[in-house]
Enquirer: 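Here's a structure for you.
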Amino acid sequence: MDGTQLAAVILAAGKGTRMRSEQPKVLHPVAGWPMVAYPTRLAGQLGCRPTVLVVGHGADRVRETLADQEVRFALQAEQLGTGHALLCAQSALTGFAGTLLLLCGDVPLLRRETLAQLVARHQACGAAATVLTAELADPFGYGRVLRQGEEVLGIVEQKDATPEQQAIREINTGIYAFEAPLVFNLLEGLNCDNAQGEYYLTDVLAAARAAGRKVAAVTLAEATEAMGINDRVQLAEASAIMRRRINEAHMRDGVTLMDPACTYIDPQVEIGPDTVLHAGVHLCGATRIGRDCTIEPHAVVRDCQIGDGVRIKAASVLEGSQVGEATDIGPMAHLRPGTVLAGHNKIGNFVETKKALIGVGTKASHLTYIGDAELGANVNVGCGTITCNYDGVNKHKTVIEDDVFVGSDTQFVAPVRIGRNSLVAAGTTVTKDVPADSLVLSRVPQKIIEGWRLRAGKKEQKCSE
Ligand code: UD1
Ligand code: CA
């Protein structure tokens, strides 16, 4: 792209009435990301500086959601049309001269290569405006592209089109490359003298020609790329297409998906080769999975780093956790944020962990809660062990040093520390620190009263007499 400056404007002010939602349309997720994040990422990948997001309906929520992105915001307080929307971005682009990409916040499927092609064509033919078009079997509702041979004359909206123009099947996708600042001068000359009483961005094309400048077009090979989302049916369709793209990329990179149609992977998830994902797996957020892992049906993994050779068994839920290599988790385990497993661990069924640092080789195989805890290496946590970390006001920490054996049905009333190589007898309630190499037990001595059942039987007979 020969050093020409690039910037982008993303239109995202519209209401999206047909979504029937309290949430701004562009924040509805497509394959795990708010749809506006896709054109935003695209602009970043192409090196647009700056990217300006035109917001209106639900502006604050859109700003909040994209707060960590490198974008500027421009407010379109009243939605007076697409031409007006671009004008609202003008002051955010003061001093910019070059190619201005115009993208839509509700068009998430556009590919990077397509946009690069649009920019290349625009710059190669020295056009004032280049429009991305598509051929549709049913063009109803879209602006139609008016041509004279190869030359693009302009665009006419559905509501303003003559019957002959309505028969045209080449439509305006609403994506363009413009020469800036020229496009703003052209916009200032527009009026809203049309069927919808709006300022049409599309009128810029005819205006450019009237000014003696060239208008070009690039036609999409695959029209679905420019699919705009207006309702929840289209939202589901776009999600399915995006998921298929993501899943295919992982399969090409060496990941096995047992049932790609039922595997849900967010866009920025990374997965190592030879990992196998079973049906119904959800990998969400900023998750990284190592190589040679197996993730069984209906596991949900969000914002986690998972090492190599890890097995996550069915229906486990992992959030904000780090899992070291060769670890076995689940089935039905719950790793909550702040869990860090060093590796070679076993976290079995119905085990919940939270803010827990767990050393190499340590195992908790069944029915356990480990919260606000630090466990050393090679600790064996028996069935039914509970860290009592909360006194109703504050959280307290349990520390269990290396090589401790914890018998079943133990409670650790935190804060408490168990020294290395100690043994906690089954059924113990630990309330005080235990030095290394000790046995700790707290049990009411077992009492046996022989003949109890016989005596109880006599009592009952008495009562009923
Ligand atoms: C527009 C095009 C039409 C094209 C179609 C493709 C015009 C006049 N028409 O039509 O040729 O075929 O897109 O989908 O441009 N928006 C704002 N502020 C506004 C109006 C719209 O930000 O005042 C945003 C919307 O949120 C949306 C985009 O611009 O992201 C397109 O607006 P929309 O109303 O869907 O345009 P159409 O009338 O469908
Ligand atoms: Ca409209």
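First listed ligand is number 1; within each ligand, the first listed atom is number 1.
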Enquirer: Tell me whether ligand 1 is touched by Thr173 - counting only heavy atoms on the residue side and a distance under 4.0 Å.
Expert: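 Distance cut 4.0 Å: Thr173 passes for ligand 1.
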Enquirer: Using a 4.0 Å cutoff against the non-hydrogen atoms of Glu157, which atoms of ligand 1 qualify?
Expert: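 Within the 4.0 Å cut-off of Glu157, ligand 1 contributes 2 (C), 3 (C), 7 (C), 8 (C), 9 (N), 10 (O), 11 (O).
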Enquirer: Taking distance alone, with no angle check, do Asn172 and ligand 1 share an N/O pair under 3.5 Å?
Expert: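 Looking only at distances, the answer is yes, because the N/O contact criterion of under 3.5 Å is met.
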Enquirer: Do Arg18 and Gln234 meet the criterion of a side-chain donor-acceptor pair at a distance under 3.5 Å?
Expert: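 There is no such pair (donor and acceptor under 3.5 Å, judged by atom type) between the side chains of Arg18 and Gln234.
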Enquirer: Please classify the Ala85 to ligand 1 contact at 4.0 Å (heavy-atom distances, strictly less than): side chain, backbone, both or neither.
Expert: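 Contact part for Ala85 vs ligand 1: side chain (C-beta onward).
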Enquirer: Is it the side chain, the backbone, both or neither of Val107 that has a heavy atom closer than 4.0 Å to ligand 1?
Expert: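 Val107 to ligand 1: no contact under 4.0 Å from either part.
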Enquirer: Consider ligand 1: state whether an atom of it lies below 4.0 angstrom from any non-hydrogen atom of Gly56.
Expert: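 Under 4.0 Å: no for Gly56.
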Enquirer: Can you confirm whether the side chains of Glu78 and His84 place a donor and an acceptor under 3.5 Å from each other?
Expert: no
Enquirer: Tell me which one of Val301, Leu341, Val340 satisfies side-chain contact (heavy atoms from CB on, under 4.5 Å) with Val323.
Expert: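 Testing Val323 for a side-chain contact (heavy atoms from CB on, under 4.5 Å) against Val301, Leu341, Val340 leaves exactly one candidate, Leu341.
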Enquirer: For a quick check under 3.5 Å, do Asp391 and His396 share a side-chain donor-acceptor pair by atom type?
Expert: yes
Enquirer: Please state which option from Cys104, Ala13, Ala134 has its nearest heavy atom closest to atom 22 (O) of ligand 1.
Expert: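 Answer by nearest heavy atom: Ala13.
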Enquirer: Can you say whether the rings of Tyr38 and Trp33 are parallel (under 30°), tilted (30 to 60°) or perpendicular (over 60°)?
Expert: tilted
Enquirer: Are Glu170 and Thr133 close enough that a side-chain donor and a side-chain acceptor fall under 3.5 Å?
Expert: yes
Enquirer: Report the member of Gly174, Gly14, Pro24, Gly81 with the shortest heavy-atom distance to atom 20 (C) of ligand 1.
Expert: Gly81
Enquirer: Is Thr202 near ligand 1, meaning one of its heavy atoms is under 4.0 Å from it?
Expert: yes
Enquirer: For ligand 1, which part of Gln76 has a heavy atom less than 4.0 Å away: the side chain, the backbone, both, or neither?
Expert: side chain
Enquirer: Show the atoms of ligand 1 that are less than 4.0 angstrom away from any heavy atom in Asp106.
Expert: 27 (C), 30 (O)
Enquirer: Taking 4.0 angstrom as the limit and counting only heavy atoms of Gly143, give me the atoms of ligand 1 inside it, by number and element.
Expert: 3 (C), 4 (C), 11 (O), 12 (O)
Enquirer: Thr82 heavy atoms, cut-off 4.0 Å: which ligand 1 atoms fall inside?
Expert: 7 (C), 8 (C), 15 (O), 20 (C), 21 (C), 29 (O), 31 (C), 32 (O)
Enquirer: For the residue pair Ser21 / His28, report whether a side-chain donor-acceptor contact shorter than 3.5 Å exists.
Expert: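 The criterion, which ignores hydrogens and geometry beyond distance, is satisfied for Ser21 and His28.
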Enquirer: Please evaluate residues Arg213 and Glu179 with respect to the criterion salt bridge (charged side-chain N to carboxylate O under 4.0 Å, His left out), reporting the C-alpha separation (whole Å), side-chain torsions for both, the decisive distance (0.1 Å), and the verdict.
Expert: CA-CA 11 Å; Arg213 293 294 308 272; Glu179 181 184 310; 2.6 Å; yes
Enquirer: Looking just at side-chain N and O atoms, do Thr398 and Thr387 make a donor-acceptor pair shorter than 3.5 Å?
Expert: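 The answer is no; no qualifying pair exists.
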Enquirer: Counting from 1, what ligand 1 atoms have a heavy atom of Leu11 closer than 4.0 Å?
Expert: 22 (O), 24 (C), 29 (O), 30 (O)
